[in-house]
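See below for the structure under consideration.
Note that ligands are numbered from 1 as they come in the structure, with each ligand's atoms numbered from 1 the same way. Since this is a predicted model, take the numbers as computed values, not measurements. Heavy-atom basis, side chains included; hydrogens, waters and symmetry copies ignored.
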Amino acid sequence: MLEKLFSPASVAIIGASNTPGKVGHDVLKNLLDMGFPGEIYPINPKADKILGIKAWADIESVPTAPDLVVIAIRAPLVPSVVESCGKKGSKIVVVLSAGFREVGGEGAKLERELLDIAAKYGIRIVGPNCLGVMDTGSKLNATFAASVPPPGSIGFFSQSGALCLAVLEWAAGTRVGLSRFVSLGNKADISEIEMLLAMEPHNDTKVILGYLEGVSNGRALMETAKKVTRNKPVVVLKSGSTAAGARAASSHTGSLAGSSQAFSAACRQSGIIRTANTRQFLNLALALAFQPVPKGGNIAIITNSGGPGILAADACDKLNLNIPTLSQDTVSALRQVLPPMASYYNPIDVLGDAKASRYGQVLDVIIKDPIVNAVMVLGTPTAMLDVAEAAREIVQISKKTDLTIVTCFMGEEKVREGRKILMEGGVPTYETPEEAAEVLKFMWSHRLWLERKEQPPVEVKRDIERARTIILNAQGEKHKLISPEDVTAILESYGIRQPKTEIARSADECIEKAEAIGYPVVMKVLAMDITHKSDLGGVKVGLKSPDEVRQAFNEITSRVIRIKPEAQLVGVQIQEMITDAREVIVGFTRDPQFGPLIMCGLGGIFVEVLKDVAFRIAPVTKQDIREMLREIRAFPVLQGIRGQAPADLEALEDTVAALSQLALDFPEIMEGEINPLMVRPVGQGVVAVDARFILRGES
Ligand code: ADP
Ligand code: MG
């Protein structure tokens, strides 16, 4: 449907001008300079000819409806001109003009007007407030950018005009080139979703690159990306993520979950590669444009000096890339081409006296080793090494292998020529070994995504009617925080085990209940308006005798009365003490774009300090949950370290699934969490010792 945006038979430029520097001039000039083969209709009532071609007074007088209309006139005039385009029969309009939503008030009104007219005629709009569209294959340059990249295999879309200019200039300067380019501007109509759909089937595009500031429809983006990323890698750089914890949150999950976490989770679950910064973004684009995605994570490193080789190995190690032992055949073959002092083991050191030809010989051997999936070739400009010559050798070999090759020749002046040769030969080259390693890691992760089988969301057994009754009743009350009794009942309906718990209002009653439960016990203050009990000294653990229970009762109640006199004290909870457990937090909030955002991490009272948590968007599959747990830095703690038995991961996974299901079942619950979930050793399950759910407010 958007094909005509990229390869129109005819283009009209409304606001075309003879005055250099005006947008309407620059666009027409770009169109002519690129050699656009279709019809061009410059439109300007005050000129007969513009840049040597016949100009038309208005869109009405043009002989046929142009496939593509580019508008470069003042914003207030745009809606009526689009109306004329609609009457004429044009279906795609690129609005370069600024002065719409980005200026607020009147501009926003104008943008809505524009959209209403477009909807009336079935017109699709790119922009407004954008830089234009380019397709190097169809020789369409309908932008007013100064740089023109050569044809290439990167399809790029961007919400920022300035970043557009930067990437165009980068693609031109590095000669990596672009296939398609769209500046989305205000994204009033056409968004990143249409871009993915338009670039996926496009043969010249190998990698889709996008810069985003906001997402138009998060769920739809995920659905589209899930399919597109199976065919083509999608790399996204996203800025403008609100900091987590910006608002006063009543749960730990609420204070840790921000829109950036939601976006990252959405990317992970839909195969989008999100890079952390601009450098990574461009580095990865380069690699995916030039090289195949490696089939595995086994990297061979070739270097002419120790230092960079070790740096590269360290970087790989940190990123969990494997530096395998090479096969016996490879080592023997290397002995034939390397001097005796060289290192035949990975990283392979060809020594400082290596000439370019030695790089070629070694690389030729390495690519034949079946254990190797990707090669990182490093070099420093020694007196012996002609980097340009080495670059030529590498380019040649790269053309005959389907292994991934990346390079890094450190330096500046002496390596410049070599870098150029590599880039022109389709071999990505980076300034540092760490960058090269990072790129390989991204590529390898993408391979894992490609190999990942689609799974249905986990099914959770639950008593949804029971939970519904409780939640409906709770909604009628004035508290937004669901009461502890109701929390208990909800968790029960979702099959989540809780400790034996009793409520008591006097020291004697406490002792009686403690004896019934069995020592040791835990005591906690119970009051409607206290959410973080230990902050007030309201939790006592490991109480082993009636005396300790009595003392705890007195301490808890007197402390609460002293520190928070307005608290509505209900009494004290006496709880079975759960021992031999690792404390985990499992929670959810709701992201305005992506919906229920599930969090899991190392729990307890230090959650916000350690921030060791991972996120996913619900619904989740078994694999999502498993990967999520492995993202937690402290995951080894759950696996069991220092002779400790592994934790019951299966029970933990079930609880994450259950809470995720609860979030999906009841949009009425704004956020909720279990903290801590006591995860006991394998086979012994999990126990939720503390949980809270917050209902949606009235608004
Ligand atoms: P809050 O989060 O409101 O301060 P919690 O009920 O989470 O109160 O208790 C705080 C800490 O006390 C927990 O992180 C855990 O270390 C410990 N704890 C609470 N309940 C139990 C229990 N039943 N068994 C063992 N330890 C517990
Ligand atoms: Mg707690």
Would you check whether [X] has a nitrogen or oxygen atom less than 3.5 angstrom from a nitrogen or oxygen atom of ligand 1?
X: D535; answer: no
X: E583; answer: yes
X: I578; answer: yes

Sub-4.0 Å atoms of ligand 1 with respect to non-hydrogen atoms of [X]:
X: V539; answer: 8 (O), 9 (O), 12 (O)
X: K524; answer: 6 (O), 19 (C), 20 (N)
X: N675; answer: 7 (O)
X: R692; answer: 3 (O)
X: D690; answer: 1 (P), 2 (O), 3 (O), 5 (P), 6 (O), 7 (O), 8 (O)
X: M678; answer: 25 (C), 26 (N), 27 (C)
X: M577; answer: 24 (N)

Practice prompt. In plain terms, say whether E223 and K226 are close enough for a salt bridge, that is, a side-chain N and a carboxylate O under 4.0 Å apart.
Written response: yes

Open item on the list: Between K524 and D690 (salt bridge meaning N to carboxylate O under 4.0 Å), is one present in this structure?
Closed with: no

Just by distance, with hydrogens left out, do [X] and [Y] show a side-chain donor and acceptor under 3.5 Å apart?
X: Q455; Y: K622; answer: no
X: T501; Y: Q575; answer: yes
X: N298; Y: N322; answer: yes

Check your understanding: Counting distance only, does the side-chain N/O of E200 pair as donor-acceptor with the main-chain N or O of L197 below 3.5 Å?
Key -> no

Legend entry - Under 3.5 Å donor-acceptor, R559 side chain and G538 backbone: no

Excluding water, the protein N, O or S atoms sitting under 2.8 Å from the Mg ion (ligand 2) are N675 O, D690 OD2

For this session: Anything under 30° is parallel, anything over 60° is perpendicular, the rest tilted; go ahead and classify F263 against F594.
Result: tilted

The protein heavy atom nearest to atom 4 (O) of ligand 1 is S534 OG, 2.1 Å

In this structure, atom 3 (O) of ligand 1 is nearest to the protein heavy atom K533 N, 2.6 Å

Neighbour count >12 (heavy atoms, 6.0 Å) for atom CZ, R452:
yes

Residues passing the side chain to side chain donor-acceptor pair (under 3.5 Å) test with Q573, sequence neighbours excluded, are none

In this structure, CD1 of I625 is separated from CD1 of I598 (nearest 0.5 Å) by 9.0 Å

